Amino acid sequence: MMKTLLLAGATGLATVSLAQAADVPMEAAEAVEYVNGCTEFGEGFFYIPGTDTCLRLSGHVRADYRFQDHNSDTYSTNTTTFGGNARLNIDARTATEYGTLRSFVELNTAVGSSNSSSARLGKAYIQLGGLTAGFAASAFTFYDTNYANTIFAGYFAPYNTVNLISYTATFGGGFYATLSIEDGLARRGDTAAFFADINGDGIIPTAGAPTTVAAEVEGQDIPDIVAAIGASQSWGNAQVMAAIHNIDARATFGTIAPADVRVEGDEWGYAVGAGVGINLPIAAGGHFAIEAVYADGALDYLGDAGGLVADHVITYDGFNTAAVGDDLFAVDTTSGWSVTGEVQVRFSPALVGTAFGSYVSIDAAGAYAPASGSSITDIESYILGANLVYTITRGLTVGAEVSYRNSETDSISRSFVAAAPVNPLVTTTV
């Protein structure tokens with residue numbers, strides 16, 4: 001369990017001009033307009049000189065100060081951490097006969113308490129009309145895209161940015177539909193393998209037992225296919241979404257005879273979800289938002305819960321047989337569900353308060369957990385928190401957040417009757 005207190009501040013960029021008090025009086029010079037404003041695409045855009053392309057530069061600088069109770073007396077555990085990060089957004093748009101042509105880039109840099117720094121590309125995509133191509137937010141996301149703007153604690157909800165190509169059709173009344181082809185490699189979890197009594201013959205490794213069971217994810221053959229339909233109206237937003245994810249893995253069961261038995265598992269994982277956000281007519285404004293997701297064989301669609309356990313397990317029951325048959329192995333997928341939500345109240349135009357919560361439950365069915373090396377059967381975890389954010393002046397915001405996280409796992413120990421030592425689970429991800 002962990003408690004977190006976060007203090008954060010964010011500021012934009014501003015320019016200040018100073019005038020000398022003792023300047024000699026002189027005639028005011030005529031103002032020079034170096035760039036022309038562009039109002040077609042919203043506030044902050046200006047024409048790039050000599051072109052018909054409009055550009056907007058934006059971003060933020062943020063400083064974080066955290067206190068964390070890890071419920072641990074380990075001397076190397078940090079209870080206080082510091083951090084800073086910066087974001088730069090570059091947004092270029094051009095009106096064309098086919099619709100608006102947009103190029104968007106988000107750059108992020110961060111530095112932690114040990115002065116270790118990192119830089120990464122947050123987004124980089126091209127849009128023309130309803131077509132989007134590049135590194136962008138998955139079409140499966142809802143809560144992360146429309147809400148969660150002031151939350152630092154993390155939550156169990158889809159938030160992936162992936163390489164994709166998608167098309168969004170817009171209809172009357174704010175309705176839309178999206179079909180997206182997305183890189184499935186970004187959503188892959190580990191695979192695992194072990195011997196099991198699949199056929200019910202009571203045989204678990206005896207004489208001539210295995211010495212190694214190795215599993216690996218194979219190359220991508222089919223990308224993820226994601227579809228979403230939703231609406232954005234005056235009362236709020238709503239969306240339902242679904243995704244299918246190809247599972248292509250193999251396992252090598254090293255035995256005395258036959259040697260190096262290899263079996264392949266080719267299955268489909270999937271995820272379905274729905275979210276809704278409702279505007280609340282309270283104080284100076286507010287909203288309630290909630291999203292729920294179910295995933296089977298595609299745990300990365302649960303957000304923060306992805307990577308806790310293997311997406312799937314290959315089991316094999318033919319080590320003492322000369323031939324490898326389809327009836328001697330099986331692929332079992334790991335399933336789970338999550339729910340995440342928040343209530344936000346704008347007490348004034350400058351003061352915003354948010355209470356949030358998130359819960360995930362995973363039925364791993366004995367899947368392998370790479371981090372602990374154990375066979376985990378169930379995982380439950382929840383996050384609760386609240387924060388206040390105050391805008392001192394335009395471009396300068398400070399906030400404080402308190403959150404609590406609790407996780408529980410159940411695991412089993414496999415019993416192998418073997419004449420030789422057994423290393424039942426070895427996983428790799430490609």
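Here the structure is a predicted model, which means the values were calculated and not measured.
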Trainee: Treating Asn108 as the side-chain partner and Ala119 as the backbone partner, does any N or O pair qualify as donor plus acceptor under 3.5 Å?
Mentor: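 Such a contact is absent between Asn108 side chain and Ala119 backbone.
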Trainee: Within the supplied structure, the quantity of interest is the number of heavy atoms (other residues, nucleotides, ligands) at a distance under 6.0 Å from Tyr98 OH; does it exceed 12?
Mentor: no
Trainee: Below 4.5 Å, heavy atoms only, C-beta onward: do Thr340 and Ile290 meet side chain to side chain?
Mentor: no
Trainee: Write down the atom of Leu164, the atom of Ala137, and the distance for their closest heavy-atom approach.
Mentor: CD2-O, 3.5 Å
Trainee: Is there a donor-acceptor pair closer than 3.5 Å between any side-chain N or O of Glu401 and the backbone N or O of Phe152?
Mentor: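 Between the backbone of Phe152 and the side chain of Glu401 there is a qualifying donor-acceptor contact (under 3.5 Å).
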Trainee: Please tell me whether Ser166 and Thr178 have a donor and an acceptor in their side chains that are separated by less than 3.5 angstrom.
Mentor: no
Trainee: Measure from NZ or CZ of Arg187 to the centre of the six-membered ring of Tyr301 and say whether it is under 6.0 Å with the direction within 45° of the ring axis.
Mentor: yes
Trainee: Distance alone, cut at 3.5 Å: any donor-acceptor contact between the side chains of Asp224 and His245?
Mentor: yes
Trainee: Indicate yes or no: at least one non-hydrogen side-chain atom of Arg87 is less than 4.5 angstrom from one of Arg62.
Mentor: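 When only atoms from C-beta onward are counted, Arg62 and Arg87 do not touch, as no gap falls below 4.5 Å.
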Trainee: Will you find, in the side chains of Tyr143 and Glu342, an N or O donor that is under 3.5 Å from an N or O acceptor?
Mentor: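 Yes - a donor-acceptor pair under 3.5 Å links their side chains.
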Trainee: Tell me the closest heavy-atom pair linking Gly269 and Ala298, and the distance in Å.
Mentor: C-CB, 4.4 Å
Trainee: Examine the side chains of Gln239 and Asn237 and answer whether a donor and an acceptor come within less than 3.5 Å of each other.
Mentor: no
Trainee: Main chain of Gly277, side chain of Asn146: is a donor-acceptor contact present, judged purely on distance under 3.5 Å?
Mentor: no
Trainee: Using side-chain heavy atoms (C-beta onward) and a distance below 4.5 Å, is Asp91 in contact with Phe45?
Mentor: yes
Trainee: Provide the closest heavy-atom pair for Glu267 versus Asn246 in the form atom of the first, atom of the second, distance.
Mentor: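 Between these two residues, the closest heavy atoms are O-ND2, 3.5 Å.
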Trainee: Side chains of Ile126 and Leu101, heavy atoms from C-beta outward: is any pair under 4.5 Å?
Mentor: yes
Trainee: Got a second to check how far Ile244's CD1 is from Ile222's CD1, nearest 0.5 Å?
Mentor: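 The CD1 atom of Ile244 sits 8.0 Å away from the CD1 atom of Ile222.
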Trainee: Indicate yes or no: at least one non-hydrogen side-chain atom of Thr96 is less than 4.5 angstrom from one of Leu128.
Mentor: yes
Trainee: Taking the side chain from Thr141 and the backbone from Asp144, do they hold a donor-acceptor pair closer than 3.5 Å?
Mentor: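 No, Thr141 side chain to Asp144 backbone: no donor-acceptor pair under 3.5 Å.
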Trainee: Mind checking whether Asn89 and Val105 have side chains closer than 4.5 Å, heavy atoms only?
Mentor: no
Trainee: Can you say whether the rings of His287 and Tyr147 are parallel (under 30°), tilted (30 to 60°) or perpendicular (over 60°)?
Mentor: tilted
Trainee: From Asn115 CG over to Phe82 CZ, what is the distance, rounded to the nearest 0.5 angstrom?
Mentor: 11.5 Å
Trainee: Where do Val360 and Glu380 land on the side chain to side chain contact (heavy atoms under 4.5 Å, CB included) test, with the steps shown first?
Mentor: CA-CA 6 Å; Val360 66; Glu380 290 187 1; over 6 Å; no
Trainee: Would Leu280 and Val345 count as a side chain to side chain contact (heavy atoms under 4.5 Å, CB included) here? Give the steps.
Mentor: CA-CA 8 Å; Leu280 301 177; Val345 177; 5.9 Å; no
Trainee: Which pair of heavy atoms, one from Ser180 and one from Ala139, lies closest together, and at what distance?
Mentor: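 Smallest interatomic distance, heavy atoms only, reads CB-CB, 3.7 Å.
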Trainee: Could you tell me whether Ile229 atom CD1 has more than 12 heavy atoms of other residues or ligands within 6.0 Å of it?
Mentor: no
Trainee: Distance from Asn36 atom CG to Phe46 atom CZ, nearest 0.5 Å?
Mentor: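 So the gap between those two atoms works out to 11.0 Å.
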Trainee: Are side-chain heavy atoms of Tyr47 and Pro49 found at a separation under 4.5 Å?
Mentor: no
Trainee: What closest approach, in Å, do Gly44 and Arg56 show between heavy atoms, and which atom pair accounts for it?
Mentor: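 Looking at all heavy atoms of both residues, the closest pair is O-CG, 3.6 Å.
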Trainee: As a quick check of understanding, evaluate side chain to side chain contact (heavy atoms under 4.5 Å, CB included) for Val276 and Trp235, giving each step before the final call.
Mentor: CA-CA 10 Å; Val276 62; Trp235 56 266; 4.1 Å; yes
Trainee: Can Gln68 and Thr79 be counted as having a side-chain donor-acceptor contact under 3.5 angstrom?
Mentor: no
Trainee: Answer yes if the side chains of Asn160 and Ser138 hold a donor-acceptor pair under 3.5 Å, and no otherwise.
Mentor: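 There is no such pair (donor and acceptor under 3.5 Å, judged by atom type) between the side chains of Asn160 and Ser138.
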Trainee: Locate the shortest heavy-atom distance separating Thr53 from Ala92; write the atom from each residue and the value.
Mentor: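 Here Thr53 and Ala92 meet closest at CG2-CB, 4.1 Å.
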Trainee: To the nearest 0.5 Å, tell me how far Tyr125 OH sits from Thr161 OG1.
Mentor: 10.0 Å
Trainee: Consider only side-chain N and O atoms of Asp363 and Ser335, and report whether a donor and an acceptor are under 3.5 Å apart.
Mentor: no
Trainee: Starting at OG1 of Thr333, measure out to CH2 of Trp268 and round the result to the nearest 0.5 Å.
Mentor: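 Going from OG1 on Thr333 over to CH2 on Trp268, the span is 14.0 Å.
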Trainee: Name the residue from Val293, Ile362, Ile383, Leu302 that meets the side chain to side chain contact (heavy atoms under 4.5 Å, CB included) definition with Phe156.
Mentor: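 Testing Phe156 for a side chain to side chain contact (heavy atoms under 4.5 Å, CB included) against Val293, Ile362, Ile383, Leu302 leaves exactly one candidate, Ile383.
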Trainee: Could you give me the CA-CA distance, side-chain angles and deciding distance for Glu291 and Tyr155, then say whether side chain to side chain contact (heavy atoms under 4.5 Å, CB included) is met?
Mentor: CA-CA 11 Å; Glu291 179 184 71; Tyr155 40 84; over 6 Å; no
Trainee: For residues Arg405 and Tyr382, is any side-chain donor paired with an opposing acceptor at under 3.5 Å?
Mentor: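 No, no side-chain donor-acceptor pair sits under 3.5 Å.
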Trainee: So how far is it from Leu384 CG to Ser358 OG, rounded to the nearest 0.5 Å?
Mentor: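 These two atoms lie 9.0 Å from each other.
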Trainee: If we only count heavy atoms from C-beta on, is the Leu88 to Glu106 side-chain gap below 4.5 Å?
Mentor: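 With C-beta onward as the side chain, the pair stays apart.
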